[in-house]
Amino acid sequence: MTRYDALARRFGTPLYVYDLDRVTAARDDLFAALPESFDVFYALKANPHPEVAGALREAPGRACRAEISSTGELAAALAAGYAAADCLYTGPGKTEGELDEAVGSGVRTFSAESATDLARIGSVAVRHGVVAECLLRVNSASASARTSIRMTGTPSQFGFDSETLPEVLPALRDTPGTRLAGAHFFPLSNAKDEASLVAEFEHTIALAARLRDEHGLPLDFLDIGGGFSVPYAVPGDRAVYHGLRGGLEAALDRHLPTWRAGTPRIACESGRYLVGDSGTLLSSVVNTKESRGRSFVVLDAGINTLGGMSGLGRLLPVAVEPEEDSPAAVTASLVGPLCTPGDVLGREIKLPSLAPGDTVAIPNTGAYGATASLLTFLGRPAPAEAVVRGGEVVSVTRLRYERVHETVPPERPETAP
Ligand SMILES: *Cc1c(COP(=O)(O)O)cnc(C)c1O
């Protein structure tokens, strides 16, 4: 019996297993691939599990900060031990209520995505008698790399368009309750190729320098985003970036020569790279069947457990590695238990020969797993999540959702004009 079979038998399936030693290894590798003085923000969106997020801030000198964009992620970051002062609050639709909670909890650094967003951050800060440090999120007019998830260069709900930012900048600088501390970019995600990643960072750094030098953008802090890559739900290894550090140092020396003295301070962000390879999803085969010459393997985990974002057409299919002594591979569709033909994890993929009761281990599922899935669809329980450190299971938890009654406010008669 393999280790995964034993875990599946002990805790039931579907079961996510997160190995904290892999989380800290990813963090150390990312810090080592970046210039020494860089900050790294962990995007809790990838996996808000408190022990997973917490493992990223435990090392002295190599502790990640937190990138959050909701009250739930704020609570998760605080629960994971991040100080509110170490959080960067981002997102294009921050409401007053959310901002009130964030500022009240001690968050002081925000990415502002529009003039309205900046004004709202400022007005909440004024009400609390504090000043919010704001990074203007910039949506660059051009890009230098092609990637799978592009969020910049096209019309977007994210950030200020770089070509019109100079016109609005003077007004933004006078927003009460705010201090413009710098800029925030997040132009790409999951860049497999190091040369295009470095080129995109250089493009970002050059644009930030130009906005500062030619248009007076304040720049004490520059968050150049991320794009660090790891496979998703298929076998494979995290990217290794041998030339990134040198490439970044050269680009910064060229465009922002005082960066080594701390002006501006530079940060990167990552979600998937830090936690993706720490996770394995264990699922049990419930049924196998043939239909019109095709084979189906029905699992107890579907898009309610993994890959709920597959509607975006970019994350699945999964693949699993046949075990060494397993019988010859077969071709079959790997499907979940939900009553929708969309519950497909992989169509006509190579699989080991499987029978009901077998455990399937889907690798590289530490990022965008449970919380990025259709958890409540069809009313199955959320998967259990086991955390392993030093080879031992240290916790097992399960998210729970429930319907609760809201306080119903009295209907207010419309006031006559
Ligand atoms: C989603 C997101 C991230 C994390 O992206 P990954 O590709 O998972 O590393 C980082 N920063 C921002 C602003 C994001 O929206």
Side-chain angles (χ1 to χ4, degrees), residues 23 26-27 29-31 33-34 38-49 52-53 56 64-70 72-74 76-77 82 86-94 102 107 109-114 117 134-140 145-152 156-160 182-194 196-197 200-201 204 221-233 238-239 241 244 266-279 306-309 312 314-315 364-373:
V23 174
R27 177 201 59 199
D29 287 352
L30 183 57
F31 271 107
L34 296 171
F38 271 38
D39 280 349
V40 172
F41 287 100
Y42 171 53
L44 267 86
K45 175 179 71 187
N47 189 336
H49 190 292
V52 172
L56 290 166
C64 292
R65 303 176 65 183
E67 191 263 313
I68 55 175
S69 59
S70 69
E73 287 188 349
L74 169 61
Y82 291 85
D86 274 331
C87 294
L88 168 65
Y89 205 111
T90 68
K94 308 177 199 77
V107 177
T109 314
F110 294 84
S111 169
E113 307 250 10
S114 64
D117 191 35
C134 293
L135 308 178
L136 298 184
R137 180 156 174 179
V138 180
N139 175 17
S140 171
R146 294 168 64 93
T147 52
S148 52
I149 307 172
R150 175 104 249 130
M151 313 180 185
T152 234
S156 164
Q157 73 267 49
F158 297 110
F160 292 85
H184 173 210
F185 293 77
F186 190 71
L188 59 90
S189 187
N190 212 12
K192 281 162 201 79
D193 152 51
E194 181 170 40
S196 57
L197 184 66
E200 186 72 36
F201 280 139
T204 294
F221 197 92
L222 172 60
D223 180 344
I224 60 174
F228 313 108
S229 173
V230 67
Y232 180 75
R238 248 190 300 117
Y241 297 114
L244 180 59
I266 316 284
C268 279
E269 300 173 352
S270 175
R272 70 185 68 225
Y273 187 86
L274 291 168
V275 298
D277 80 352
S278 75
L306 173 72
M309 290 161 83
L312 304 178
R314 59 182 164 87
L315 298 180
N364 290 318
T365 46
Y368 305 112
T371 60
S373 298

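Remember, it's a predicted structure, so these values are computed and weren't measured experimentally. Note that ligands are numbered from 1 as they come in the structure, with each ligand's atoms numbered from 1 the same way. We're numbering straight along the sequence, starting at 1.
- Taking any N or O of Tyr368, backbone or side chain, at least one lies under 3.5 Å from an N or O belonging to ligand 1.
- Of all the heavy atoms of Ala46, none lies under 4.0 Å from any atom of ligand 1, so neither backbone nor side chain is involved.
- Numbered from 1 in the order shown, with element, the atoms of ligand 1 that lie under 4.0 Å from a heavy atom of Gly271 read 4 (C), 6 (P), 8 (O), 9 (O).
- Considering backbone and side-chain atoms together, Tyr273 places no N or O closer than 3.5 Å to any N or O of ligand 1.
- For Asp39, the side chain to side chain contact (heavy atoms under 4.5 Å, CB included) partners at least two apart in sequence or on another chain are Arg65, Phe221, Arg265, Ala267.
- When each of Leu135, Leu222, Asp223 is checked for a side chain to side chain contact (heavy atoms under 4.5 Å, CB included) with Phe185, only Leu222 meets the rule.
- Tyr273 contributes atom OH, which lies 13.0 Å from atom CZ of Arg27 (distance to the nearest 0.5 angstrom).
- The proximity of Glu269 to ligand 1, defined as any non-hydrogen pair under 4.0 Å, is limited to the side chain.
- One distance of note links CZ of Phe41 with CZ of Phe186; it measures 13.0 Å at 0.5 Å rounding.
- The closest approach between any non-hydrogen atom of Phe41 and ligand 1 is not below 4.0 Å.
- Considering each of Phe228, Phe186, Phe158, the one bringing a non-hydrogen atom nearest atom 10 (C) of ligand 1 is Phe186.
- Of the candidates Lys45, Arg137, Glu67, Thr90 forms a side chain to side chain donor-acceptor pair (under 3.5 Å) with just one, namely Glu67.
- Atom numbering of ligand 1 starts at 1 in the shown order; those under 4.0 Å from a heavy atom of Lys45 are 1 (C), 2 (C), 3 (C), 14 (C), 15 (O).
- The shortest N or O to N or O distance between Ala43 and ligand 1 is not below 3.5 Å.
- Taking CD from Glu113 and OG from Ser69, the interatomic distance works out to 9.0 Å, rounded to the nearest 0.5 Å.
- Of the polar atoms of His184, none of the N or O atoms is found under 3.5 Å from an N or O of ligand 1, judged by distance alone.
- Considering only heavy atoms from C-beta on, Tyr232 stays 4.5 Å or farther from Asn364 through its side chain.
- In this view, Asp277 and Arg22, Arg238 satisfy the salt bridge (Lys or Arg N to Asp or Glu O under 4.0 Å) rule, not counting sequence neighbours.
- Heavy-atom contacts of Ser270 reach the following atoms of ligand 1: 9 (O) (cutoff under 4.0 Å).
- Which parts of ligand 1 touch Ser189 is read off a 4.0 Å heavy-atom cut-off, strictly below it: atoms 6 (P), 7 (O).
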